Amino acid sequence: MTQLHVIYEDNHLLVVNKAAGMLAQGDKTGDPSLVDQAKTYIKHKYKKPGAVFLGLVHRLDRPTTGALVLARTSKALTRLNAQFKNREPKKVYWAIVSGSPEQNAKLVHFLKKNSPQNKSYPQLKESKEAKKAILEYTFLKKLDSYSLLEIRLKTGRHHQIRAQLAAAKLHIKGDVKYGAKRANKNGGIHLHARTLSLSHPTNKEIITFLAPLPDDKIWKACLSN
């Protein structure tokens with residue numbers, strides 16, 4: 001199993017940098033999950049007897065990397081759940097895409113989730129099944145064959161970034177589910193939850209977590225001059 005990459009921890013929070021291919025939470029596959037891995041980490045580090053409490057506050061898709069917040073107490077979980085429900089935390093994603101994006105753009109679609117396929121599809125108009133999805137992106141850098149975008153979500157829909165960028169002909173590298181030509185060798189995609197800002201559940205301070213980029217040559221090129 002991939003080693004747990006901890007970004008931040010205190011008595012109330014554990015913030016980790018999720019690896020590509022890692023499930024955030026256990027599912028019917030029975031594959032190891034980040035929550036299980038983090039519980040083992042806490043249990044061993046602090047020599048905790050019995051079961052370890054750790055609450056998953058939000059999720060990232062299995063092939064996506066980046067900052068993920070876990071609550072270490074029930075009080076922290078309740079307060080963080082309320083923040084996320086009210087869309088108070090500020091999330092910034094980086095994506096490496098094909099195509100030629102405009103310098104900056106706002107995308108608006110109506111996305112319908114297909115649960116059996118675990119995929120979302122854009123529809124022509126809003127309906128009970130098709131929810132309005134809004135994101136804004138900023139063009140950051142032109143790479144050899146790709147472009148780097150910074151993305152801010154205005155809504156929270158299933159596979160929103162992946163589906164909306166694909167609909168705009170800006171396919172995320174490695175995301176064959178949404179039209180990329182080739183899969184990445186590690187099964188992940190080049191979509192990374194770069195920063196996450198939220199109010200600390202006890203002292204109320206605004207704290208920002210930065211998730212280092214995965215160790216591959218394309219992400220490294222994003223940081224080079």
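For the single chain, residues carry numbers from 1 onward in sequence order. Bear in mind the structure is a predicted one, so any value in this text is a computation, not a measurement.
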Item to complete: Please indicate whether K185 has more than 12 foreign heavy atoms, meaning atoms of other residues, nucleotides or ligands, lying under 6.0 Å from its NZ.
Response: no
Fill in: Any R59 side-chain heavy atom under 4.5 Å of Q25 side chain
yes
Worksheet, complete the sentence: side-chain hydrogen bond (donor to acceptor under 3.5 Å, both in side chains) test vs S120 passes for just one of H159, H158, H109, namely H158
Worksheet item: Taking NZ, NE, NH1 and NH2 as the nitrogens, is one of them in D215 or K220 under 4.0 Å from a carboxylate oxygen of the other?
Response: yes
Worksheet item: Donor-acceptor pair, N86 side chain versus E88 backbone, under 3.5 Å?
Response: no
Item to complete: Return yes if some donor-acceptor pair links the side-chain N/O of D216 with the main-chain N/O of W219 below 3.5 Å, else return no.
Response: yes
Worksheet entry | Criterion side chain to side chain contact (heavy atoms under 4.5 Å, CB included) on L80 and L198, from CA distance to verdict | CA-CA 9 Å; L80 290 168; L198 50 76; 4.2 Å; yes
Worksheet item: Can you check whether S147's main-chain N or O pairs, donor with acceptor, with K142's side chain at less than 3.5 Å?
Response: no
Worksheet item: Once you round to the nearest 0.5 Å, how far does NE2 of H171 lie from CD1 of I96?
Response: 16.0 Å
Discussion item. Within the structure provided, determine whether K177 and N118 are in side-chain contact (heavy-atom separation under 4.5 Å).
Written reply: yes
Fill in: Any donor-acceptor N or O pair under 3.5 Å, side chains N81, T78
no
Worksheet entry | Geometric cation-pi criterion, K119 with Y178: 6.0 Å, 45° | yes
Worksheet item: How far does CZ of R162 sit from OH of Y93, to the nearest 0.5 angstrom?
Response: 11.5 Å
Worksheet item: Are E9 and Y41 linked by a side-chain donor-acceptor pair shorter than 3.5 Å?
Response: yes
Worksheet entry | Test item: N184 side-chain N/O and G187 main-chain N/O as donor-acceptor pair under 3.5 Å | no
Item to complete: Using modelled atom types only, decide if a donor and an acceptor are shared between the side chain of H12 and the backbone of T73 within a distance under 3.5 Å.
Response: no
Worksheet item: Cation over ring, R194 on F209, under 6.0 Å and within 45°?
Response: no
Fill in: L213 and L223: CA distance, side-chain angles, deciding distance, side chain to side chain contact (heavy atoms under 4.5 Å, CB included) verdict
CA-CA 9 Å; L213 295 173; L223 299 178; 3.7 Å; yes
Fill in: Smallest separation among heavy atoms of I172 and A95, with atom names
CG1-CB, 4.4 Å
Discussion item. Under a plain distance cut-off of 3.5 Å, with no hydrogens placed, do T155 and Q160 share a side-chain donor-acceptor pair?
Written reply: yes
Worksheet item: When rounded to the nearest 0.5 angstrom, what distance separates CZ in F53 from CG in L70?
Response: 10.5 Å
Worksheet entry | Gap between atom OG1 of T65 and atom CG of N17 - 0.5 Å precision | 6.5 Å
Practice prompt. Ignoring hydrogens and angles, tell me if any N or O in the side chain of R72 forms a donor-acceptor pair with the backbone of D10 under 3.5 Å.
Written response: yes
Worksheet item: Between the side chain of K112 and the main-chain N/O of S127, is any donor-acceptor distance below 3.5 Å?
Response: no
Practice prompt. Drop me the distance from Q164's CD to L153's CG, to the nearest 0.5 angstrom.
Written response: 8.0 Å
Discussion item. In this structure, is the centre-to-centre distance between the rings of Y146 and H190 below 6.0 Å?
Written reply: no
Worksheet item: Could you give the distance from OG1 (T138) to CG (L140), rounded to the nearest 0.5 Å?
Response: 6.5 Å
Worksheet item: Any side-chain heavy atom of V69 within less than 4.5 Å of one from L196?
Response: yes
Practice prompt. Give the cluster check for L13 versus Y46: same hydrophobic cluster or not, with ILVMFWY residues linked at side-chain heavy-atom distances below 4.5 Å.
Written response: no
Item to complete: Group every Ile, Leu, Val, Met, Phe, Trp and Tyr by side-chain heavy-atom contacts under 4.5 Å, then state whether I189 and L60 land in the same group.
Response: yes
Item to complete: May I ask you to decide if R62's main-chain N or O and K18's side chain share a donor-acceptor pair within less than 3.5 Å?
Response: yes
Discussion item. Looking at K90 and R87, would you say the former's side chain and the latter's main chain have a donor-acceptor pair under 3.5 Å?
Written reply: no
Worksheet item: When you measure from the side chain of H192 to the backbone N and O of P212, does any donor-acceptor pair fall under 3.5 Å?
Response: yes
Practice prompt. Would you please classify the geometry between the H200 ring and the Y8 ring as parallel, tilted or perpendicular, with 30° and 60° separating the classes?
Written response: perpendicular
Practice prompt. Using a cut-off of 6.0 Å, state whether more than 12 heavy atoms not belonging to E205 lie near its atom CD.
Written response: no
Worksheet item: Do you know which two heavy atoms are closest between A38 and L54, and how far apart they sit?
Response: CB-CD2, 3.3 Å
Practice prompt. Consider only side-chain heavy atoms of I, L, V, M, F, W and Y, link residues closer than 4.5 Å, and tell whether V92 and L210 are in one cluster.
Written response: no
Item to complete: Report yes if the side chains of V57 and F84 come closer than 4.5 Å at any heavy-atom pair, otherwise no.
Response: yes
Item to complete: Report yes if the side chains of D61 and I161 come closer than 4.5 Å at any heavy-atom pair, otherwise no.
Response: no
Item to complete: Report yes if some heavy atom in the side chain of V176 is under 4.5 Å from a heavy atom in the side chain of R182; otherwise report no.
Response: no
Discussion item. I'd like to check I134 versus L107 (side-chain heavy atoms, cut-off strictly below 4.5 Å). Are they in contact?
Written reply: no
